[in-house]
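Heads up: the structure comes next, in structure tokens.
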Amino acid sequence: MTKARGGIRGWSATRTKVQSRIRFTSLRLRLVVVFGLVALTAAVSASGIAYWLNREAVQSRAQDAALNDFERELQSHVSTLRPSPSQDQLRIAARKMADGGERFGVLLLDEDASGRTVSGSSTDNALNGFSLDDVPASLQKAVNKRQKITSGNQHPYHVYWQRVIDGDTPYLVGGAKMIGGGPTAYMRKSLEKEAEDLNSLAWSLGIATALSLIGSALLAQAAATTVLKPVQRLGVAARRLGEGKLDTRLRVSGTDELADLSRTFNLAAESLEKKVDDMSAREEASRRFVADMSHELRTPLTAITAVTEVLEEELDAETGSVDPMIEPAVRLVVSETRRLNDLVENLMEVTRFDAGTARLVLDDVDLADQITACIDARAWLDAVDLDAERGIMANLDPRRLDVILANLIGNALKHGGSPVRVSVHVEGEDLLIQVRDHGPGIPEDVLPHVFDRFYKASASRPRSEGSGLGLSIALENAHIHGGGITAANSPDGGAVFTLRLPRDAASLIARERDGDQGDSGTEDTEGGGQ
């Protein structure tokens, strides 16, 4: 049984550590994600700008070179043509232009002697099939439009160009009309090589972005470890401090904010430890004082009690020798002596609970017989109705159970009035003993305080027959069994006190003891620090 319990608690402790690590990892993950997003944004921005600048540079360089060569070839081969050239002459001129350095396709258009439009194309190179259909209409219109001569425009015709996509291949298409009359020339150059270069550049920038992202993630991981490790140690130290290990301290090094936080934690822990030690010392001194006082009072009370018993016997004798004038005083002394004796006994019992020295002496008892014996010993048989089946057995401390029942039933008779009903029920592994009276009930503002020590429901009546410790002692006796007591008002009137006790107190206490040992076995041994 102990091994099984330890295994369950060990699994619970492992689960707690895993959950803690998950929470820690989530914070680490957020830092890594933030670092990654910043690095990704910077890398993508830089790569995009670099790609755009290089793209414009590559395309402009290729475009300028092609158009300049086109103009040179146009001047070299077309300007020498005779007016109204034939188609063969245009084809020969176009081939010569196409054989220039930039290797572009050429198309020449003009009118022959009969006024018919003839064309010549360079069809013997890689760009076969270059015709007027391959020239955008907007470009044709711009090339053939005569410009107005102004001070800023010295020529009626200019070279125009446009980039187009044919299939998946980009092309540069340009055109110009000979000034002073002559053919109209068009050129088309493939920009596939430049596109391939730009694609290679894009892939290189993409790989560089991915590598920078991976590097930033690794850097973020290292930074998160550096930052979060002191935070984790601080969390462990705070948890240990909350568990009562007030000597927990953090190692402090450095002068950064985390070091200041660790110093603040150490100062707070030191101040808390000092205050708790002072409070514990005062509590121990107070508890020792009550115990010593109660112990010292028992000796004179024993003698006083013996004297009061003799006086009480004289009062009850048929031919008593007590003066009738002092008989009330004698009775008062007897009553107060008994009350004082009960108070001292109760104080000693309370100090045992506070000091943790109260122990159970367990035995198997029949609840019906135990309750009946409690009622009979105090002559309450006529004022109490018992609803309990015989044969309900429980492993409890009979003396402490008798103290609980005597306080609950006595309180019901004193403040609630008879008849008082005591009922016993079995609920799973627990026993429920209800004590109900038929009095006015408990005021709502008093209910939360009925188990407080020396609590008086009315400040104007501070004196009562009891010591004010009975219900408190009953509750402590229930707690030491592993149970509890609750107070409430019945809907039908009167107060109801419900005592819940385990049927097997020994087994419950053993499980709790094994649980405490399991907890102590999983504690960290060092608070840590920065």
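We use all heavy atoms of the structure for the numbers below, so side chains are in, but hydrogens, waters and symmetry mates are not.
- When all heavy atoms of R503 and G428 are compared, the closest pair comes out as CD-O, 4.4 Å.
- Contact check for V236 versus T248: no side-chain heavy atoms found under the 4.5 Å cut-off.
- In this structure, A259 and V252 approach most closely via the heavy-atom pair O-CG1, 3.8 Å.
- Between I433 atom CD1 and L401 atom CG the span is 5.5 Å, to the nearest 0.5 Å.
- Remark: the backbone N or O of A65 is not paired with any side-chain donor or acceptor of D69 at under 3.5 angstrom.
- Remark: the backbone N or O of V135 is paired with a side-chain donor or acceptor of Q140 at under 3.5 angstrom.
- With N266 contributing its side chain and R249 its backbone, the two residues share no donor-acceptor pair below 3.5 Å.
- Distance check, rounded to the nearest 0.5 Å: CD1 of I442 to CG of L447 gives 5.0 Å.
- If you take CD1 on I485 and CG on L408, they are separated by 5.0 Å, rounding to the nearest 0.5 Å.
- Here L241 contributes atom CG and L246 contributes atom CG; the two are 6.0 Å apart, rounded to the nearest 0.5 Å.
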- Message: Before you tell me yes or no, could you show the steps for E444 and N489 under side chain to side chain contact (heavy atoms under 4.5 Å, CB included), namely the whole-Å CA-CA distance, both residues' side-chain angles and the distance that decides it to 0.1 Å?
- Response: CA-CA 9 Å; E444 292 298 328; N489 288 315; 3.5 Å; yes
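- Remark: D277 engages no residue in a salt bridge (Lys or Arg N to Asp or Glu O under 4.0 Å) (not counting sequence neighbours).
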- Between D134 and V173, is a side chain to side chain contact (heavy atoms under 4.5 Å, CB included) present by the stated rule, with each step listed? CA-CA 9 Å; D134 298 323; V173 180; over 6 Å; no
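- Within the 3.5 Å criterion, the main-chain N or O of L362 finds no donor-acceptor partner in the side chain of R400.
- S212 contributes a side-chain N or O that, together with a main-chain N or O of A208, makes up a donor-acceptor pair within less than 3.5 Å.
- Remark: N477 CG to I404 CD1 distance equals 5.0 Å, nearest 0.5 Å.
- In this structure, D504 contributes its side chain and N395 its backbone to no donor-acceptor pair below 3.5 Å.
- Considering every non-hydrogen atom in both M393 and D364, the closest pair reads CE-C, 4.3 Å.
- Between A474 and N407, the shortest heavy-atom distance links the atoms CB-CB, 4.1 Å.
- Annotation: the span from I480 atom CD1 to L475 atom CG amounts to 12.0 Å, rounded to 0.5 Å.
- Partners of H425 by ring-ring contact (aromatic ring centres under 6.0 Å, His included), not counting sequence neighbours: none found.
- Between the side chain of H481 and the backbone N or O of D397, at least one donor-acceptor pair lies under 3.5 Å.
- Closest approach of L396 to P502, counting heavy atoms only: CD2-O, 3.4 Å.
- The shortest heavy-atom contact between F497 and A487 is CE2-CB, 3.6 Å.
- A salt bridge is defined here as a Lys NZ or Arg NE, NH1 or NH2 lying under 4.0 Å from an Asp or Glu carboxylate O, and K275 with D278 fails to meet this definition.
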